[in-house]
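Down below is the structure, laid out as structure tokens.
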There are 2 protein chains.
Amino acid sequence: MNDDQALVILAALAHPTRLKAFRQLVRYEPDGLSTGALVDMSGLTQSTFSSHLAVLAKAGLVTAEKRGRLQIQRAGIDTLRELMTYLAKDCCGGRAELCEPLLAALTCC
Amino acid sequence: MNDDQALVILAALAHPTRLKAFRQLVRYEPDGLSTGALVDMSGLTQSTFSSHLAVLAKAGLVTAEKRGRLQIQRAGIDTLRELMTYLAKDCCGGRAELCEPLLAALTCC
DNA sequence: TTCATCCATCGACTTTAATCGATGTAATCC
DNA sequence: GGATTACATCGATTAAAGTCGATGGATGAA
């Protein structure tokens with residue numbers, strides 16, 4: 001995970017439609033959802049949502065799998081984990097006193 | 001931390017200049033850096049960087065403190081921590097099997 | 001084979017973000 | 001008081017992102 005990758009992931013998440021779609025996909029793990037189902041949830045047109053999906057896919061936050069005529073989308077949780085690791089290392093900067101409260105906050109879930 | 005706050009923070013980080021500035025400020029914790037020093041590091045004009053700094057401040061990723069004629073900027077690590085907690089809860093969705101590898105990756109630092 | 005469905009891509013338009021130079025304001029120094 | 005430094009804000013320009021309707025290529029159904 002380098003800076004450019006992190007920026008692509010951050011930019012992908014930094015849009016209400018895309019953040020919501022990603023959250024939906026996390027909720028539906030590991031089954032995934034069809035693109036059409038996500039379009040319906042978004043309230044946007046098919047073409048608009050498709051471009052958002054392309055942004056998420058480019059960032060590795062969703063992966064697609066063809067099932068018959070449907071395109072099943074799944075959340076790329078590994079990508080999110082890598083982003084968080086990147087941010088955490090950034091945050092700590094080698095100093096545990098900064099990182100520990102972060103870990104404490106995360107163990108809650 | 002609600003969705004809107006998270007979006008503001010994500011958007012603030014999703015720019016090379018702002019991400020770099022935030023990382024610099026983390027590195028200089030807890031002393032902070034003057035705005036001018038950050039401008040020099042950025043290579044941008046003072047006015048351009050100032051607008052980026054305003055975005056970071058609005059997101060809570062930097063906090064300013066006046067010291068004489070200088071404006072000392074410090075990293076808002078709590079805000080980053082809150083974002084990561086938000087993302088992690090999102091990721092887990094109540095299921096530990098998704099969260100555990102994330103925590104394992106974070107304990108490295 | 002024909003038709004309908006699912007979805008990506010294209011082209012045009014609108015909105016938003018980024019960048020800069022110039023100006024203004026406040027604090028410090030002489 | 002006058003000059004200087006540090007920084008924010010304004011206005012204008014340019015670049016990028018978001019949105020939509022329309023088109024086209026698959027795939028499965030009739």
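Residue numbers begin at 1 in each chain, while the letters A, B, ... track the order of the sequences.
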Scoring nucleotides 10-24 of chain C by protein non-hydrogen atoms under 4.0 Å (B base, S sugar-phosphate only, - none) yields --------SBBBB--
In whole angstroms, how far is the [atom2] atom of [N] from the [atom1] atom of [X]?
X: A/Leu38; N: C/dC7; atom1: CG; atom2: P; value: 9 Å
X: B/Arg67; N: C/dA26; atom1: CZ; atom2: C1'; value: 18 Å
X: B/Glu65; N: C/dA27; atom1: CD; atom2: P; value: 15 Å
X: A/Ile72; N: C/dC7; atom1: CD1; atom2: C1'; value: 12 Å
X: A/Gln73; N: C/dA8; atom1: CD; atom2: C1'; value: 11 Å
X: B/Gln71; N: C/dT28; atom1: CD; atom2: C1'; value: 15 Å
X: A/Leu70; N: C/dT5; atom1: CG; atom2: P; value: 13 Å

Would you confirm whether [X], through its side chain, and [Y], through its main-chain N or O, come within 3.5 Å as a donor-acceptor pair?
X: A/Ser50; Y: A/Ser47; result: no
X: A/Gln5; Y: A/Asn2; result: yes
X: B/Thr35; Y: B/Gln71; result: yes

Counting the atoms with a prime plus P, OP1 and OP2 as sugar-phosphate, which does B/Thr35 contact under 4.0 Å by heavy atoms, base, sugar-phosphate, or nothing?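 Counting heavy atoms under 4.0 Å across all strands, the contact made by B/Thr35 is with sugar-phosphate only.
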Electrostatic pair A/Asp3-B/Lys20, nearest N-O below 4.0 angstrom: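 Looking at B/Lys20 together with A/Asp3, the answer is no, because their closest N to O distance does not fall below 4.0 Å.
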Using 4.0 Å as the upper bound for N to carboxylate O, is an ion pair formed by B/Glu65 and B/Arg74?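 Judged by the 4.0 Å cut-off on N to carboxylate O distance, B/Arg74 and B/Glu65 do not form a salt bridge.
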How long is the span from the CE atom in B/Met1 to the CD1 atom in B/Ile9, to the nearest 0.5 Å?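 Spacing of CE (B/Met1) from CD1 (B/Ile9) equals 3.5 Å.
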Closest approach to the side chain of B/Arg69, judged atom by atom: which nucleotide of D/dT27, C/dC29, C/dC7 is it?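 Of the candidates, C/dC29 comes closest.
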